[in-house]
Amino acid sequence: MRTTFVLLVFSLMMLGCTQKPMEKPAPKPPEVLVTEAVAETIVDFEEFTGHTEAKNMVEVRARVTGYLDKVYFADGDTVKEDDVLFEIDPRPYQTEVQRAEAAVYQSEVKFRRLDLDFKRVAALRQTRSVSQEDYDKVHGDRGEAEAAIRVARADLDKARLNLDYTKVYVRNLDNGGKADPKRPRTGRVSRRMKDPGNLIKADETLLATIVTLNPMYVYFDVDERTVLALRNLVAQKKIKSVSEMTFRFELADDEGTFPYVGKINFEDNKLDSGTGTLQLRGEFENTKGLSHGQFVRIRLYVGTPRKAILVPERALGTDQGQKFLYVVTTGSDKEGKPLYKAEYRGGADLELGTLRDGRRVIEKGVRVGEHIIWSGLQRVRKDAAIAPKQQLPTNGKGS
């Protein structure tokens with residue numbers, strides 16, 4: 001019995017050794033998302049950093065010396081032309097006006113008396129009852145009295161002007177020059193530099209600063225290569241001048257939208273020898289209340305419209321510091337069924353352009369209409385089979 005059992009076990013073992021192992025099913029191709037490379041008309045641009053700057057900045061100082069009496073604004077207020085900001089103690093200047101008014105009255109009284117004397121002497125001179133010397137003396141005294149009135153009135157005007165200067169007004173907010181009822185002359189005032197009770201020296205003590213709000217400037221520096229490109233465009237008559245170029249810019253939190261538009265209105269007359277850059281200035285309508293000194297990113301358009309191929313930026317991978325992407329190629333398997341593979345393109349075969357709203361310009365390496373893998377790159381291998389599913393990135397532009 002035992003011998004029979006051993007033979008049975010041995011037979012089963014031999015049978016197992018002669019059977020072929022079961023083959024594993026081929027893995028399914030990884031599913032990836034693809035989209036077509038599209039052609040659009042674009043204008044080339046260069047990106048720079050810059051800052052906003054008020055078109056006008058006014059340092060507020062008093063025109064007369066005295067003790068600061070009143071402050072009529074809150075720190076950081078928006079103020080308009082002819083608003084009163086500060087008041088110097090006016091009493092000493094009121095007294096000066098009264099003294100000057102009295103001096104004018106005194107000189108006018110004296111003139112009237114000397115004018116009557118002159119008229120009498122002139123009448124007597126007709127009959128030769130007074131000498132020429134007496135006539136000349138009275139005539140001269142009358143002239144001096146008349147001149148004294150002019151001096152006294154000038155002193156009064158000065159005293160009144162100084163009294164008016166005891167109130168410090170908002171001035172020189174030209175906001176671009178000509179008065180425009182649709183663009184009120186406004187500005188934003190800083191904190192006050194002096195509190196009431198302090199002695200203010202005429203034309204010396206800084207009381208506050210005011211910056212205009214609209215329009216506003218953007219200053220930025222461009223490199224020498226871009227300067228040469230711009231001048232070539234002018235020489236080729238593709239643009240009339242640099243001062244007619246437009247640009248777009250954004251703040252730090254605008255996430256690539258570049259919502260603000262401006263126009264160049266100034267270029268410096270020399271390059272900075274230390275940095276090799278040229279300063280440009282643009283002007284824009286500050287309808288959203290941007291502040292003086294804000295950091296901005298700028299796109300300066302430096303070319304003419306042209307056709308370009310764009311793909312989602314998310315379609316690009318990095319291999320040893322070089323960018324690459326996968327293009328879907330089609331074929332068929334042994335059974336005639338459609339077969340899709342991922343074709344690697346990178347290195348010298350792929351030339352990239354600028355990034356535009358989440359899409360990359362492809363200068364070389366991709367044709368219009370080719371399908372590009374933009375999602376699932378980590379599952380893709382060079383020339384391996386894939387299961388493509390056509391779908392645009394979430395915003396349609398590959399953000």
Side-chain angles (χ1 to χ4, degrees), residues 49-94 96 157-221 249 251 260 262 265-269 272 279-296:
T49 58
H51 67 277
T52 60
E53 190 166 308
K55 189 169 184 178
N56 296 87
M57 184 171 69
V58 179
E59 293 184 343
V60 181
R61 289 181 168 85
R63 302 288 293 273
V64 293
T65 297
Y67 286 92
L68 184 60
D69 192 26
K70 296 176 183 177
V71 178
Y72 292 95
F73 68 94
D75 295 348
D77 271 357
T78 297
V79 295
K80 62 181 183 297
E81 193 85 5
D82 297 326
D83 281 353
V84 180
L85 299 180
F86 301 92
E87 185 174 6
I88 308 297
D89 185 1
R91 291 172 295 179
Y93 296 96
Q94 290 170 345
E96 190 66 21
D157 290 341
K158 183 179 179 180
R160 286 173 174 168
L161 186 62
N162 285 336
L163 178 61
D164 183 60
Y165 283 155
T166 59
K167 288 186 177 180
V168 181
Y169 296 86
V170 178
R171 292 286 192 266
N172 300 318
L173 298 183
D174 69 353
N175 280 5
K178 298 179 181 179
D180 185 352
K182 296 180 180 179
R183 180 184 287 170
R185 298 182 177 187
T186 60
R188 183 171 294 136
V189 67
S190 69
R191 66 179 179 87
R192 64 176 183 263
M193 304 299 181
K194 294 293 182 181
D195 295 320
N198 284 282
L199 177 64
I200 308 301
K201 293 185 178 180
D203 302 321
E204 182 176 331
T205 305
L206 179 63
L207 297 174
T209 58
I210 304 174
V211 294
T212 54
L213 300 176
N214 189 28
M216 188 172 275
Y217 287 149
V218 171
Y219 281 91
F220 59 100
D221 297 327
F249 69 95
L251 305 181
Y260 304 96
N265 67 356
F266 165 78
E267 61 172 316
D268 207 348
N269 59 359
D272 187 316
Q279 187 177 70
L280 298 182
R281 183 187 71 197
E283 183 176 318
F284 70 98
E285 291 293 322
N286 186 24
T287 57
K288 295 186 179 180
L290 272 59
S291 299
H292 170 94
Q294 284 190 270
F295 172 84
V296 296

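Note that the numbering runs from 1 along the sequence shown for the chain.
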Worksheet item: For residues 187-199, which residue pairs qualify under side-chain hydrogen bond (donor to acceptor under 3.5 Å, both in side chains), counting only residues two or more places apart or in two chains?
Response: Ser190-Thr209, Arg192-Asp195
Discussion item. Can you tell me how far apart CD1 (Ile200) and OG1 (Thr166) are? Round to the nearest 0.5 Å.
Written reply: 13.0 Å
Worksheet item: Residues in salt bridge (charged side-chain N to carboxylate O under 4.0 Å, His left out) with Asp75, at least two apart?
Response: none
Discussion item. Quick test of your reading: applying salt bridge (charged side-chain N to carboxylate O under 4.0 Å, His left out), list the pairs with at least one residue in residues 164-173, sequence neighbours left out, ordered by first then second residue.
Written reply: Asp82-Arg171
Discussion item. For Tyr93, give me all partners under ring pair (Phe, Tyr, Trp, His ring centres under 6.0 Å), at least two apart in sequence or on another chain.
Written reply: none
Worksheet entry | Exam field: side chain His292 to backbone Glu53, donor-acceptor pair closer than 3.5 Å | no
Worksheet entry | Between CG on residue Leu280 and OH on residue Tyr219, distance to nearest 0.5 Å | 11.0 Å
Worksheet item: Going through the checks in order, is the side-chain contact (heavy atoms from CB on, under 4.5 Å) test met by Val79 and Thr186?
Response: CA-CA 6 Å; Val79 295; Thr186 60; over 6 Å; no
Worksheet entry | Side chains of Val218 and Val296 in contact at under 4.5 Å (non-hydrogen atoms) | yes
Worksheet item: Does a side-chain heavy-atom distance below 4.5 Å link Asn265 with Arg281?
Response: yes
Worksheet entry | side-chain contact (heavy atoms from CB on, under 4.5 Å) between Lys55 and Met216, worked out | CA-CA 5 Å; Lys55 189 169 184 178; Met216 188 172 275; 6.0 Å; no
Worksheet item: In chain order, what residues pass the ring pair (Phe, Tyr, Trp, His ring centres under 6.0 Å) check against Phe284, with sequence neighbours excluded?
Response: Phe249
Worksheet item: Who pairs with Glu267 by side chain to side chain donor-acceptor pair (under 3.5 Å), at least two apart in sequence or on another chain?
Response: none
Discussion item. Counting neighbours of CE on Met193 that are heavy atoms of other residues, nucleotides or ligands and sit closer than 6.0 Å, is the number greater than 12?
Written reply: yes
Fill in: Partner residues of Gln94 under the side-chain contact (heavy atoms from CB on, under 4.5 Å) criterion, sequence neighbours left out
Pro90, Arg91, Leu163
Worksheet item: Given side chains that start at C-beta, do those of Leu207 and Leu85 come closer than 4.5 Å, heavy atoms only?
Response: no
Discussion item. Has Thr52 got a side-chain atom pairing as donor or acceptor with Gln294's backbone, closer than 3.5 angstrom?
Written reply: yes
Practice prompt. Take Leu251 and Leu290, measure what side-chain contact (heavy atoms from CB on, under 4.5 Å) needs, and give me the verdict at the end.
Written response: CA-CA 10 Å; Leu251 305 181; Leu290 272 59; 3.9 Å; yes
Discussion item. Before we go on, tell me: are the rings of Phe266 and Tyr217 under 6.0 Å apart, centre to centre?
Written reply: no
Worksheet entry | Residue pair Thr49 / Phe295, side-chain heavy-atom distance below 4.5 Å | yes
Fill in: With Lys158 via side-chain contact (heavy atoms from CB on, under 4.5 Å) - residues at least two apart
Asn162
Worksheet item: Excluding sequence neighbours, so at least two apart, what forms salt bridge (charged side-chain N to carboxylate O under 4.0 Å, His left out) with Asp221?
Response: none
Residues 61-72 side chain polar contacts: donor-acceptor under 3.5 Å, at least two apart:
residue	atom	partner	partner atom	Å
Arg61	NE	Glu204	O	3.2
Arg61	NH1	Glu59	OE1	2.6
Arg63	NH2	Tyr165	OH	3.3
Thr65	OG1	Ala202	N	3.0
Tyr72	OH	Glu87	OE1	2.5

Item to complete: State whether the side chain of Asn286 and the backbone N or O of Leu213 hold a donor-acceptor pair below 3.5 Å, judged by distance alone.
Response: yes
Worksheet entry | Minimum-distance pair of heavy atoms, taken over all atoms of Leu199 and Thr205 | O-OG1, 4.4 Å
